[in-house]
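Working notes for the structure below.
Computed from a predicted structure; not experimentally measured.
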Amino acid sequence: MTKEKTLQSEISSYLSSLLREHFGKGPTSVFATIAIPFITIHFRGFLSPMEKVLMKQKEEQRILETRDLMMNDLKSEIILSLSKYLAIDVKELYADWDLEKETGLIIGVLDAGLNRETIEWPKEADEKAFQEKINEASKRAEKVPGSTDTFWLSDRTILVRRSKILVQIEKELIRNGFEEQLKLAKRPLEHRVLEEARLETVLKRQISETFLDWNFDKDLGYIVFLLEPKNS
């Protein structure tokens, strides 16, 4: 087993145990993708028995709010542990969930320089057109970002970083303590406009899942698209 595969396995095992301890049930599988300066960790089969009951009662918002609170409580511990595994400081941590598919994703931003050679876009995918569609979708949801950066982390993982995306009413809500309510409202809105953007036409690939999260203090947002295998 290569050093990278061993590291991925160790991180996956750690997070699986951590989630099982704090949520009462761990994911059935965990897969980490490391592409400096980012790490994404994808979970499958992650929905506790109590959450399944709440899903039947259409209480998805309650589940998401509880998970956000739990992840905020665990963030420092996860950042410290990932930093030790990677031997690189983790600066920021983000998370999002797809309750219907029982999946989730953690995004770690590392304190390391960008290595464009390891995250170069394939020739068949039009990066410029993709960025334009992301900006169009962002404009429909709030406004065109101050900057949009796109990274092809692996054959099946694309990461988008947007800065200066908040409009004045959102900033006011944050100042008045409605950060969690804003996040819960933005998730479905942004998912919807991204689905309507027809990103797959410029990627030449099918998107299987989309995850989003924000750092409101820094006026920064991340999107991760997981792609279907080429041969699917």
- request: Find out whether I106 and M71 are in side-chain contact, i.e. whether some heavy atom of one side chain is under 4.5 Å from a heavy atom of the other.
  value: yes
field: N/O donor-acceptor pair under 3.5 Å between D111 side chain and D89 backbone
entry: no
- request: Go through the steps for F211 and H42 under the test side-chain contact (heavy atoms from CB on, under 4.5 Å), then give the verdict.
  value: CA-CA 10 Å; F211 297 96; H42 185 237; 4.0 Å; yes
message: If I take atom CD1 from residue I174 and atom CG from residue L166, how far apart are they, to the nearest 0.5 angstrom?
response: 4.5 Å
field: Minimal non-hydrogen separation, E77 against L18, with atom names
entry: OE2-CD1, 3.3 Å
- prompt: Does a salt bridge link D126 with K204, judged by any charged N lying under 4.0 Å from a carboxylate O?
  reply: no
query: Between E170 and V167, is there a donor-acceptor pair closer than 3.5 Å when you use the side chain of the first and the backbone of the second?
result: yes
- prompt: Is atom CE of M70 surrounded by more than 12 heavy atoms (other residues, nucleotides or ligands) closer than 6.0 Å?
  reply: yes
Nearest heavy atoms of L203 and A125, plus distance in Å: O-CB, 4.0 Å
- line: Given the options R67, K25, R62, E51 meets salt bridge (Lys or Arg N to Asp or Glu O under 4.0 Å) only with R67
- prompt: Are I79 and V90 side-chain neighbours, meaning at least one heavy-atom pair lies under 4.5 Å?
  reply: yes
G26 versus F46, closest heavy-atom pair with distance: C-CD1, 4.1 Å
- request: Flag yes if L80 and L110 sit in one hydrophobic cluster, no otherwise; membership is Ile, Leu, Val, Met, Phe, Trp, Tyr, and two members link when side-chain heavy atoms are under 4.5 Å apart.
  value: no
- prompt: Distance-only, no hydrogens or angles: does the S12 side chain make a donor-acceptor pair with backbone N or O of Q8 under 3.5 Å?
  reply: yes
query: T201 versus K133: any side-chain heavy-atom pair under 4.5 Å?
result: yes
query: Do L189 and K186 come within less than 4.5 Å of each other through their side chains, counting heavy atoms only?
result: no
task: Report the relative orientation of the aromatic rings in Y222 and Y94; use parallel for angles under 30°, tilted for 30 to 60°, perpendicular for over 60°.
output: tilted
- request: Please step through side-chain contact (heavy atoms from CB on, under 4.5 Å) for the pair I36 and I88, ending with a clear verdict.
  value: CA-CA 10 Å; I36 306 298; I88 303 174; 3.7 Å; yes
- prompt: Checking W121 side chain against K123 main chain: does a donor-acceptor pair fall under 3.5 Å?
  reply: no
query: More than 12 foreign heavy atoms under 6.0 Å from NZ of K171: is that the case here?
result: yes
- request: Could you grab the distance from atom CZ of R198 to atom CD of E136, nearest 0.5 Å is fine?
  value: 12.0 Å
field: Whether Q206 side chain and E200 backbone form a donor-acceptor pair below 3.5 Å
entry: no
- request: Please name the pair of heavy atoms, one in H191 and one in T210, separated by the smallest distance, quoted to 0.1 Å.
  value: CE1-O, 2.8 Å
field: K58 side-chain N/O to M55 backbone N/O, donor-acceptor pair under 3.5 Å
entry: no
task: State plainly whether one hydrophobic cluster holds both V193 and L182, where clusters connect Ile, Leu, Val, Met, Phe, Trp and Tyr through side-chain heavy atoms under 4.5 angstrom apart.
output: no
message: Measuring only between side-chain heavy atoms, which start at C-beta, is P145 closer than 4.5 Å to N135?
response: yes
task: Please answer whether the main-chain N or O of R44 pairs with a side-chain N or O of T28 as donor and acceptor at a distance below 3.5 Å.
output: yes
message: I need the E59 CD to I63 CD1 distance, nearest 0.5 Å.
response: 8.0 Å
query: Is the closest side-chain heavy-atom distance between T103 and F43 below 4.5 Å?
result: no
message: Quick check: is F178 connected to I165 through a chain of hydrophobic side chains (ILVMFWY, heavy atoms under 4.5 Å apart)?
response: yes
query: Is it true that E172 and R175 have a side-chain N and a carboxylate O under 4.0 angstrom from each other?
result: yes
statement: For T148 and Q131 the tightest heavy-atom approach is O-NE2, 3.7 Å
Salt-bridge criterion met for E92 and R161 (N-O under 4.0 Å): no
query: Taking the six-membered ring for Trp, are the ring centroids of F130 and F225 within less than 6.0 Å of each other?
result: yes
- request: Would you confirm whether R156, through its side chain, and L227, through its main-chain N or O, come within 3.5 Å as a donor-acceptor pair?
  value: yes
query: Do F31 and Y14 belong to the same hydrophobic cluster, where Ile, Leu, Val, Met, Phe, Trp and Tyr are linked whenever their side-chain heavy atoms lie under 4.5 Å apart, directly or via other members?
result: no
Derivation of the side-chain contact (heavy atoms from CB on, under 4.5 Å) call for K56 and V53: CA-CA 5 Å; K56 289 181 181 178; V53 172; 5.8 Å; no
task: Would you indicate whether the side-chain heavy atoms of L86 and I11 approach each other to under 4.5 Å?
output: yes
query: Is there a side-chain contact between L184 and D68 (heavy atoms, below 4.5 Å)?
result: yes
message: Take a 6.0 Å sphere around CZ of R20 and say whether it holds more than 12 heavy atoms from other residues, nucleotides or ligands.
response: yes
message: Is it the case that the side chain of S208 and the backbone of L226 share a donor-acceptor pair, with hydrogens and angles ignored and the cut-off at 3.5 Å?
response: yes
query: So how far is it from L159 CG to D149 CG, rounded to the nearest 0.5 Å?
result: 9.5 Å
message: Quick test of your reading of the model: are E142 and R162 salt-bridged, counting only N-O distances below 4.0 Å?
response: yes
query: Quick one: CG on L173 to NZ on K183, what's the gap to the nearest 0.5 Å?
result: 14.5 Å
message: If you count heavy atoms of other groups shown closer than 6.0 angstrom to NZ of K101, is the number above 12?
response: yes
- request: Please check if V144 and I134 belong to a single hydrophobic cluster, counting links between Ile, Leu, Val, Met, Phe, Trp and Tyr side chain heavy atoms closer than 4.5 Å.
  value: no
message: One thing to verify: whether R187 and E60 come together as a salt bridge, which I'm taking to mean a side-chain N less than 4.0 angstrom from a carboxylate O.
response: no
query: Roughly how far apart are N215 CG and L93 CG, rounded to 0.5 Å?
result: 11.0 Å
query: What pair of heavy atoms forms the shortest contact from R205 to E228, and how long is it?
result: NH2-O, 2.8 Å
